[in-house]
Every structure is written in structure tokens, then in C-alpha cells.
Amino acid sequence: MAAVKVFCPAISTASIRVILCLEEVGAEYERVNIDMATGEHKSPAHVAKNPFGQVPAFQDGDLVLFESRAIGRYVLRKFKSSDVDLLHGSSLEESAMVDVWLEVEAQQYDKAISPIFYQAVIIPRFYGGTTDEKVVEENLVKLAKVLDVYEARLSHTKYLAGDFFSFADLSHYPVTHFSIKIPQVAALFDARPHVKAWWESLESRPASKKVTAGLPQLS
Ligand code: GS8
């Protein structure tokens, strides 16, 4: 069976989400580099795969996908086994809880933490610009409220969807891996012991370590 392909640069939070899924299920894959510095993600060849001119794009034979969370679901369904089913598809209730916390990740968590990451890390490091501290401050307040909900949830269950690791947890990993180095973000995690323990358990997963080994520290 030909390996599936992920079209992305080494560093991209959405793309790392897909690569992590592939590593967790032990699938064979090929990462085809997209050089964002030269605008390759806007090239006709890439836009044919991702019409928004973003990374990642994904190909499995004739099937071409974009949107990292949708690609992740596909990978986890296609390569699921009796050992690894990060969507918990065999249980209606558990898979519903995975869906709930995946939505929370996309609609609440990511919307608070990504602007902090973008302002505090991406703008100064990759665009030579100046961080908008007001945006950072506003989103730190939002992130603190989201993490209060997580702290309450994680004081009852080991992971977000229940006492099992799932795609909902994994989906948080990429942007958090880079953003936790920002002191104000680290302080929010440090102040919430269940969130902190949850984060440490995500960081200690072999797939997380493998995927982020060798990536530069961004902040
Ligand atoms: C977001 C992709 C995205 O923002 C997904 O796949 O989850 N909802 C989409 N990709 C960024 C890189 S960060 O990982 C990107 O391609 N930025 C360049 C651009 O928008 O031009």
C-alpha cells in the first residue's frame, strides 16, 4: 500500500496535528515539504490540494483532504486497531465526548491560545514585527477562563473526554508545545495542577516526543 502523503513544512501547528495522528497509529507516511518562506503554499500545485492556500494538505491515493482536524479523523478511522482507537468509535457515548472536547479545542482553546502564540512568537520571530501586547493580554484572560473549565473537568477525569487518551487531547498538543514556553502561558498551566498533570502526560507520549524532537524552540 502506498504511503499517505502530508504536504507541509516541518513547523506548522495544524500540520503537526496530522503527523501526530499518523505516529500514534503507526501508519506509514511521507512528509512532502512545502516551503512557506518562498510562498509554495500559494502555488497552483498546492492550492489544487488546499484551496485556501494553507498547510497542511493530505493525499491518500485519489483522496485529497485539507483541514487538519478532518484529516486527523480520517487517519484515525483508517488506521484504527484494537489497540489504538483515538476516536472511540465503538462507543456512542465515548465518541460523543471526544467530539465535545474536540469542538472545545477548536472553538475555545485554539481561539484563545493561537493569537497569543502568533503575537508573542510568530510575528517577532518570522516577520520581524512587534508583538501587540493588548492582543496577548486579552487572550490570556480568555485562555485563563478556558483553563478553569479544563481544571474542573480534569479533576474528575484523567483526560478531557474521559479516563482515556483521545484525539481531543492530541489536538491540543502542537500549539501548546510551542506556547507553553511563553512565561505568561506557563504561569496559567502552573497555577492549575490538574491541567499541568494532563499536559505533562501529553508531553511524555512517545509520539509527541518523536514528532517534536529536533524542532527548534520558538520562544
Ligand atoms: C488551519 C490551517 C492554517 O492556519 C487547519 O488545517 O486546521 N483550520 C486549518 N495553516 C497555517 C499554518 S499554521 O499551521 C497556514 O497555512 N498559514 C498560511 C496562510 O494562511 O497563508
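Ligands are counted one by one from 1 in listed order, and the atoms in each one are counted from 1 as well. Just so you know, these numbers use all the heavy atoms, side chains as well, and skip hydrogens, waters and symmetry mates. If you read the sequence from its start, that first residue is 1, and numbering goes on from there.
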May I have all residue pairs that pass side chain to side chain donor-acceptor pair (under 3.5 Å) and include part of residues 111-120, sequence neighbours excluded?
Gln107-Lys111, Asp110-Ser114
Transitive ILVMFWY cluster of Leu92 at side-chain heavy atoms under 4.5 Å: who else is in it?
none
What about the rings of His46 and Phe52, do their centers lie closer together than 6.0 Å?
no
Just checking, is any N or O donor in the side chain of Ser171 or Glu105 under 3.5 Å from an acceptor N or O on the other one?
yes
Can you confirm whether the side chains of Glu203 and Tyr173 place a donor and an acceptor under 3.5 Å from each other?
no
May I have the list of side-chain donor-acceptor pairs in residues 158-169 shorter than 3.5 Å, sequence neighbours left out?
from: Asp163; atom 1: OD1; to: Lys158; atom 2: N; distance (Å): 2.8
from: Ser166; atom 1: OG; to: Ala168; atom 2: N; distance (Å): 3.1
from: Asp169; atom 1: OD1; to: Leu160; atom 2: N; distance (Å): 3.0
from: Asp169; atom 1: OD1; to: Trp198; atom 2: NE1; distance (Å): 2.9
from: Asp169; atom 1: OD2; to: Ser166; atom 2: N; distance (Å): 2.9

Between ligand 1 and the protein, give all atom pairs where both partners are nitrogen or oxygen and the distance is under 3.5 Å, as lines of names plus distance to 0.1 Å.
from: ligand 1; atom 1: 6 (O); to: Ser68; atom 2: N; distance (Å): 2.8
from: ligand 1; atom 1: 7 (O); to: Ser68; atom 2: N; distance (Å): 3.3
from: ligand 1; atom 1: 7 (O); to: Ser68; atom 2: OG; distance (Å): 2.6
from: ligand 1; atom 1: 8 (N); to: Glu67; atom 2: OE1; distance (Å): 2.7
from: ligand 1; atom 1: 8 (N); to: Glu67; atom 2: OE2; distance (Å): 3.4
from: ligand 1; atom 1: 10 (N); to: Val55; atom 2: O; distance (Å): 2.9
from: ligand 1; atom 1: 14 (O); to: Ser12; atom 2: OG; distance (Å): 2.9
from: ligand 1; atom 1: 14 (O); to: Thr13; atom 2: N; distance (Å): 3.4
from: ligand 1; atom 1: 14 (O); to: Ala14; atom 2: N; distance (Å): 3.0
from: ligand 1; atom 1: 16 (O); to: Val55; atom 2: N; distance (Å): 2.9
from: ligand 1; atom 1: 20 (O); to: Gln54; atom 2: NE2; distance (Å): 2.9
from: ligand 1; atom 1: 21 (O); to: Lys42; atom 2: NZ; distance (Å): 2.6

